[in-house]
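Okay, so here's the structure we're looking at.
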Amino acid sequence: MHEEDLLAKKELLHLTGISYGQLYRWKRQNLIPEAWFIKQASFTGQETFFPKEKILTRVKMIMDLKDQYSLDELANLFAPESTDKVFKVDELDLIDGMAPNVLQSFSKVQATDTVTFKDAVLIYVLSKLSSQYVLKDEELQDLVISSTHWLPRLTNLAYRMVVCRREDQIFGLLLPPDAELQLDYKTVEQAVFDLEELAKELNLKLKQSLA
Amino acid sequence: MEKLSDLSISGVGKTPGGKFRDVDISGLGKVLGDVEAERVVISGKGTIEGNAVVTRKMEISGMGTITGNVTGGEISSSGTGAIDGLVDVQMVESSGNLRVSGEAKIKELFCSGRCRFDKSLKGEKVTSHGLLSAGGDVEVEEFHAQGSFSVDGLLNAHHIDVEIHGYCQAKEIGGEDIRVRSGKYISASILAKLINPFLGTGRQLDKLTANLIEGTNVSLEYTSAKIVRGNKVIIGPNCTIDLVEYTDSLEVNPRAQVANQSKLD
């Protein structure tokens, strides 16, 4: 289980300056996922905590975008769509954060120049990975091939992708978000990506660029 | 446009479901299967064994049972209505006894009898003069209750306005403006003492009880809560609160008990 820093509700309001009313409204509007409200026992009884980084990023996004969009539109933007929408590779190339080499590799492996939203999420994840770590061409291609094997079996995006390295070998694992993972001592976890979160991020970028 | 026929059961009868214009059950009737209609009127004892899609209105004045989901326009019940599945409609008006076993999505709910939701209730506006209960969360923009309610989960609304008659209870309450007032006729405390043991744990006559109340503006009377948090907090008479945390201001009535209070920066 990957440990996450938690932030108490009180501290969240203090740090961001939002009110209780705003927080509860955003919860009603599904701008903040139910799963982020983590109840834990504390000396005052039960307290609500949030995954620190995620909630701070989300609150900032809502604050930045709320003048531009209505709350309903925002909820729509954050909702990860399992859209049947199909995107052209050239179209995705224009999206910030999409690595051209990953896109090319993906369309070569799949032998198509159109991808679904789910495909795009995995391309986006691998693009993130390749921007954070130096990957050899073969390594990247292996991960792309793995992704294309995974994709038909995914009914939703409630997964996390863990990228591990064992000596010079790199490999990817796809796990349910809360699943525990034990690795042998020679293997190191290099990066973890929450597919659902990145799907929302990508969804937002797509809607903004195609609008 | 396709021409639809009416379905009417006025004696004792069973009939298969289907698509109709009006469905009228005034005897003892059973529809076996899904029904799609503009209007469904049940004034006897009617059962729909299946889902009902009602584009305009479902009226129950006798005893109506729907074993599946009800979706569409309005539900108006002055009798006893039982919906075993979920409800997704624009409006519900109930002056009788209504029970929904599945999740409920109701844009506007008027309850003057008894409404019981076994799971959660989502919508825009709730106005209740009767007894409203939910086994899960209640999430609406406006929540006005004059009477009793019981929410086993979180009562989350932008405006929460409560006038206590009977007992009011929620596990947690959260929102922008939360205002709790006592009903005009507060029963003698002896009566309350006699009745309280029969209401079940966590319920007190003529009181609102909650574990946690959080809002931007919170103004309470006759409330027992473990924790109250807010920006502006007013604790009125006959409140018993273990801990109040506030950021802007706090007023405590001399007839209230607040065990601990702290101002957060």
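Everything numeric in this text was worked out from a predicted model, so none of it was measured. Each chain gets a letter, A, B and so on, in the order its sequence line appears, and its residues count up from 1.
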Okay, B/Ile173 and chain A: the region with an atom under 4.5 Å from a heavy atom over there is backbone

Here the pair of heavy atoms bringing B/Glu139 nearest to A/Arg28 is OE1-CA, 3.7 Å

So OH of A/Tyr24 and CG of B/Leu155: to nearest 0.5 Å the spacing works out to 10.0 Å

Here the gap from A/Leu13 atom CG to B/Leu264 atom CG, rounded to the nearest 0.5 Å, amounts to 9.0 Å

Bottom line for B/Ile178: the part with an atom under 4.5 Å from chain A's heavy atoms is neither

- prompt: Is the count of non-hydrogen atoms from other residues, nucleotides or ligands lying under 6.0 Å from B/Lys105 atom NZ greater than 12?
  reply: no

Give a yes or no on this: more than 12 heavy atoms of other residues, nucleotides or ligands lie within 6.0 Å of atom CD of A/Gln132. yes

Per-residue tally against chain A (heavy atom, under 4.5 Å) across B/His158, B/Glu214, B/Glu176 peaks at B/Glu214

Counting only heavy atoms not in A/Lys108 (residues, nucleotides, ligands), do more than 12 fall under 6.0 Å from its NZ?
no

Given B/Thr216, B/Val140, B/Asn156, the one with more heavy-atom pairs under 4.5 angstrom with chain A than any other is B/Asn156

So, the part of A/Glu11 with a heavy atom under 4.5 Å from chain B: the answer is neither

So does A/Asp96 have more than 12 non-hydrogen atoms from other groups sitting under 6.0 Å from CG? no

